[in-house]
There are 2 protein chains.
Amino acid sequence: MIDRNLVSIRPFLANLAGLVRMSEEELASLTHLIKALNHHQAHATILEEGAPADRIVVIMSGLAYRFTRLANGRRQITAFLVPGDICDYRFLSSGHVGQHVFALSQVAVARMQAESFVAASERFPVFMRAMLAANAVDEAIGREWMISLGQRNALQRMAHLLCEMELRLRRVGLVEKGTFHFPATQTDLGDALGLSSVHVNRTLQELRRMHLVAMSKGIVTLNDTAALRRLALFDVTSLGYERNGRAGAVTH
Amino acid sequence: MIDRNLVSIRPFLANLAGLVRMSEEELASLTHLIKALNHHQAHATILEEGAPADRIVVIMSGLAYRFTRLANGRRQITAFLVPGDICDYRFLSSGHVGQHVFALSQVAVARMQAESFVAASERFPVFMRAMLAANAVDEAIGREWMISLGQRNALQRMAHLLCEMELRLRRVGLVEKGTFHFPATQTDLGDALGLSSVHVNRTLQELRRMHLVAMSKGIVTLNDTAALRRLALFDVTSLGYERNGRAGAVTH
DNA sequence: GTCGCCGATTAACGCAGGTTAGACGTGCAC
DNA sequence: GTGCACGTCTAACCTGCGTTAATCGGCGAC
């Protein structure tokens, strides 16, 4: 048995319970599925692509990202992960981790056996519904990245990413007056946004000059969220959080 | 009761059964979940974003695409759909269709009640596993698009898309000696690849000049798939089809 | 301390791809 | 037939962003 107080499990529960309503009993049962809590140093690999996906790995604190490397050495970051997020959803299907997951800061992760989760969701079908809803949010964010990469220019892309991170981090209580911790380097940002690090630098400076964003040493402050969202063509509903409380079609 | 012979359901079964092994009984039961077959004209809307997702809509013949429109009018095509593909996976979670789905050619679709499907998958859990596996393939293809948009140049993007379509269409028997039907306009291709239609034209001409691709009136021929794949940095395993037969972690 | 590395920043230059604007062909409505 | 809509293709011009390379500052190892 692990000490559940070492790391708050609040973000995890807030994330899933924010998508699907759960009873106290269900929340407690979910908590007890957690079988291990691990810590990873910043810049450590959390999951390796292709590894067996028999465990569900959840970020409890810190930030991480998923990425894929191309044959020519270029790297695409495909998602940033915040507390409450599930590192990889392939346990639902193929049994093999889909992408590398890498710690951006020091990270605590919880692990549960995929099998136990599936077994528990026979008793509490709401577990699987919550998992599928979380997966759908993940997909919606990914689709928004695709739209950014295809249709937004550098300034809009950067603005959009910052709006996304602000919203997601605020949802788990990690934003205070527009300020949050986000220790991605300019190279990381470039690999996420499909830009060179030089152009990331230019872009950040322009956002700074416009008094929309301040960013230094991994601390980001958004001074005018409304204006930033307008610039980014950011649509709050597009990340798929908006339909909380509705049960969806899969209700048993 | 509908006439199941009007349109072959083979692509649908081939798609799901290609991901997860199914018995004759299971295939038959799945077939009988289909409650309606509809036809859509080319350039008709098949699904509208935000509509209730209480039915599972499957492409039986023809081609379609998903897209999202930005506030500034720009459009991003986020996926092409081939026979056997499911138009939208949101019935698994939110109960609302995630994106517009549009017919590229004349299209036949089958519809099943999401509720019936869920009920049937209690008796045949393999149904839900197949659905989650199909969803995972969909996600893997989407991630590959993200990588294209972020890290590949115009020539590589176009080549990659053509390799992807060839592979997916061949899987459902729609490629003959490197030739397949793909009636996307150059504007469509631009909206999928994040390029202007003018540059799509330049790019196609270069592929033609390199004797890799012939494309006219919606008929595509790939003359040297191996070379095209090399150019595109195409990785066959990245689309997520490779792990057929393995049951995955969710096995009950 | 100082060495070395990493990340931020700046400058100079170049090019891939965007934009605008036509011309041309084809197929369809009438 | 004619006119129109739509898709392909071309040309001229331009710019957003990449590339290369160098400087600077901070910070951890020793």
Side-chain angles (χ1 to χ4, degrees), chain A residues 41-44 65 70 72-77 102-106 148-161 181-210 213-220 231, chain B residues 41-44 65 70 72-77 102-106 148-161 181-210 213-220 231:
Chain A
Q41 296 294 93
H43 310 122
Y65 59 80
L70 240 58
N72 62 6
R74 300 180 67 112
R75 181 180 73 145
Q76 176 69 41
I77 292 179
F102 191 82
L104 194 51
S105 61
Q106 205 190 52
S148 269
L149 289 167
Q151 307 299 336
R152 282 186 258 252
N153 64 27
L155 202 64
Q156 295 171 322
R157 274 184 234 179
M158 180 65 74
H160 197 277
L161 175 63
H181 193 57
F182 184 40
T185 66
Q186 294 183 356
T187 303
D188 292 337
L189 293 171
D191 286 350
L193 300 174
L195 299 170
S196 69
S197 62
V198 173
H199 203 67
V200 165
N201 188 287
R202 296 194 269 246
T203 305
L204 284 173
Q205 279 179 53
E206 182 154 4
L207 287 174
R208 213 171 291 155
R209 206 175 324 117
M210 296 166 82
V213 173
M215 192 169 183
S216 117
K217 294 175 198 289
I219 308 288
V220 177
L231 170 64
Chain B
Q41 296 294 92
H43 310 124
Y65 59 80
L70 240 58
N72 62 4
R74 300 181 65 113
R75 181 180 74 145
Q76 177 69 40
I77 291 179
F102 191 81
L104 194 51
S105 60
Q106 205 191 53
S148 268
L149 288 166
Q151 307 299 335
R152 281 186 257 252
N153 64 27
L155 202 63
Q156 294 171 323
R157 276 185 231 179
M158 180 65 74
H160 197 278
L161 175 61
H181 194 57
F182 184 40
T185 67
Q186 294 183 357
T187 304
D188 292 336
L189 292 171
D191 287 351
L193 300 174
L195 300 171
S196 69
S197 62
V198 173
H199 202 66
V200 165
N201 189 288
R202 294 194 270 245
T203 304
L204 284 174
Q205 279 179 55
E206 182 153 4
L207 287 174
R208 214 171 291 155
R209 206 175 324 116
M210 296 167 83
V213 174
M215 191 169 184
S216 120
K217 296 177 197 287
I219 307 289
V220 177
L231 170 63

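Residue numbers start from 1 in every chain, and the chains themselves are labelled A, B, ... in the order their sequence lines are given, proteins ahead of strands.
- Atom CG in A:Asn153 sits roughly 13 Å away from atom P in C:dG18 (whole-Å rounding).
- Candidate nucleotides D:dA21, C:dG17, D:dC17 were compared by shortest atom distance to the side chain of A:Val198, and D:dA21 ranks first.
- If you measure from atom CG of A:Asn72 to atom P of D:dT19, you get 11 Å, rounded to the nearest angstrom.
- Within the structure, every side-chain polar atom (N or O) of B:Gln205 is placed at least 4.0 Å from both OP1 and OP2 of D:dT8.
- For B:Arg74, counting side-chain heavy atoms from C-beta on, the closest listed nucleotide (C:dT19, C:dG17, D:dC9) is C:dT19.
- Between the base of D:dG16 and the side chain of A:Arg202 there is no donor-acceptor pair shorter than 3.5 Å.
- Nearest-nucleotide positions on DNA chain D for B:His43 and A:His199 put B:His43 closer to the 5' end.
- You'll find the side chain of B:Leu231 reaches within 4.5 Å of the side chain of B:Leu207, heavy atoms only.
- Within the nucleic acid shown, B:Thr185 comes within 4.0 Å of sugar-phosphate atoms alone, with no base atom in reach, counting heavy atoms only.
- Per the geometry, CG belonging to A:Leu193 stands 15 Å off C1' belonging to D:dG18, to the nearest Å.
- In the model, B:Arg157 has no side-chain atom that pairs as donor or acceptor with a side-chain atom of B:His160 under 3.5 Å.
- Side-chain proximity of A:Leu195 to the nucleotides C:dT9, D:dG18, C:dG17 is greatest for D:dG18.
- To the nearest angstrom, P of D:dC17 lies 14 Å from CG of A:Asn201.
- Side-chain contact between B:Arg75 and B:Leu70 is absent, with no heavy atoms from C-beta onward closer than 4.5 Å.
- In this structure, A:Leu155 atom CG and D:dC17 atom P are separated by 9 Å, rounded to whole Å.
- Contacts of A:Gly194 with the nucleic acid, taken as non-hydrogen atoms under 4.0 Å apart, involve only primed sugar atoms and P, OP1 or OP2.
- At a threshold of 4.0 angstrom between heavy atoms, the contacts of B:Arg208 are confined to the sugar-phosphate backbone, with no base atom among them.
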Chi angles and distances behind the side-chain contact (heavy atoms from CB on, under 4.5 Å) call for B:Gln76, B:Leu149: CA-CA 11 Å; B:Gln76 177 69 40; B:Leu149 288 166; 4.0 Å; yes
